[in-house]
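Here is the structure we will look at, set down as structure tokens.
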Amino acid sequence: MVEIEIDENACVGCGSCVDDCPNDVYEMDEAKNKTKVVNADDCMACLSCHEICPAEAMEHKNIHVAKRLYIDRRVNDILNKII
Ligand code: SF4
Ligand code: SF4
């Protein structure tokens with residue numbers, strides 16, 4: 001499972017990560033005006049939030065790149081004709 005850490009000292013509470021995440025991993029903590037992780041299990045490690053954060057306030061750990069198991073034979077046929 002991906003682990004997400006938010007540096008509360010760095011977070012400026014802009015909410016961009018909340019709006020940007022397709023899987024609703026974050027919510028704003030209105031009292032603190034900081035984002036918080038509420039649904040880390042659904043993080044697919046796209047790192048879109050990481051790219052968009054203006055404060056570089058988040059860190060993602062325990063990311064494993066998925067092995068490519070599916071092979072489209074039509075693509076392979078085309079590649080074999082080209083190369
Ligand atoms: S890496 Fe992607 S899925 Fe995970 S919290 Fe960020 S935007 Fe959401
Ligand atoms: S994008 Fe960064 S600065 Fe903005 S709320 Fe999220 S963690 Fe905080």
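Everything numeric in this text was worked out from a predicted model, so none of it was measured. Both ligands and their constituent atoms are indexed starting at 1 by order of listing.
Contact of the Ile6 side chain with the Val37 side chain is registered, since non-hydrogen atoms from C-beta on lie closer than 4.5 Å.
Across every non-hydrogen atom of Cys49 and Tyr26, the tightest pair is SG-OH, 3.3 Å.
In this structure, the separation between CG on Asp19 and CD1 on Ile52 is 8.0 Å, given to the nearest 0.5 Å. A distance of 10.5 Å separates CG in Asp7 from CE in Met58, rounded to the nearest 0.5 Å. Atoms CE and CG, from Met1 and Asn62 in turn, are 8.0 Å apart once rounded to the nearest 0.5 Å. A distance of 9.5 Å separates CD of Glu8 from OG1 of Thr35, quoted to the nearest 0.5 Å.
Distance alone, capped at 3.5 Å, places no donor-acceptor pair between the Asp42 side chain and the Val25 backbone. In this structure, the side chain of Lys34 engages the main chain of Cys11 through a donor-acceptor pair within 3.5 Å.
Near Val12, meaning under 4.0 Å from any of its heavy atoms, are these atoms of ligand 2: 3 (S), 8 (Fe).
Here the heavy atom of the protein found nearest to atom 8 (Fe) of ligand 2 is Cys11 SG, 2.3 Å. Closest to atom 5 (S) of ligand 2, if we only count protein heavy atoms, is Gly15 N, 3.2 Å. Nearest non-hydrogen protein atom to atom 4 (Fe) of ligand 2 is Cys14 SG, 2.3 Å. The single protein non-hydrogen atom nearest to atom 2 (Fe) of ligand 2 is Cys53 SG, 2.3 Å, given as residue, atom name and distance. Taking atom 3 (S) of ligand 1 as the reference point, the nearest protein heavy-atom neighbour is Met44 N, 3.5 Å.
The distance cut-off of 2.8 Å around atom 6 (Fe) of ligand 1 captures these protein N, O or S atoms, sorted by chain and number: Cys49 SG.
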>> Between Met28 and Asn33, is the side chain to side chain contact (heavy atoms under 4.5 Å, CB included) condition met? List the steps.
In response: CA-CA 7 Å; Met28 283 304 290; Asn33 194 35; 3.8 Å; yes
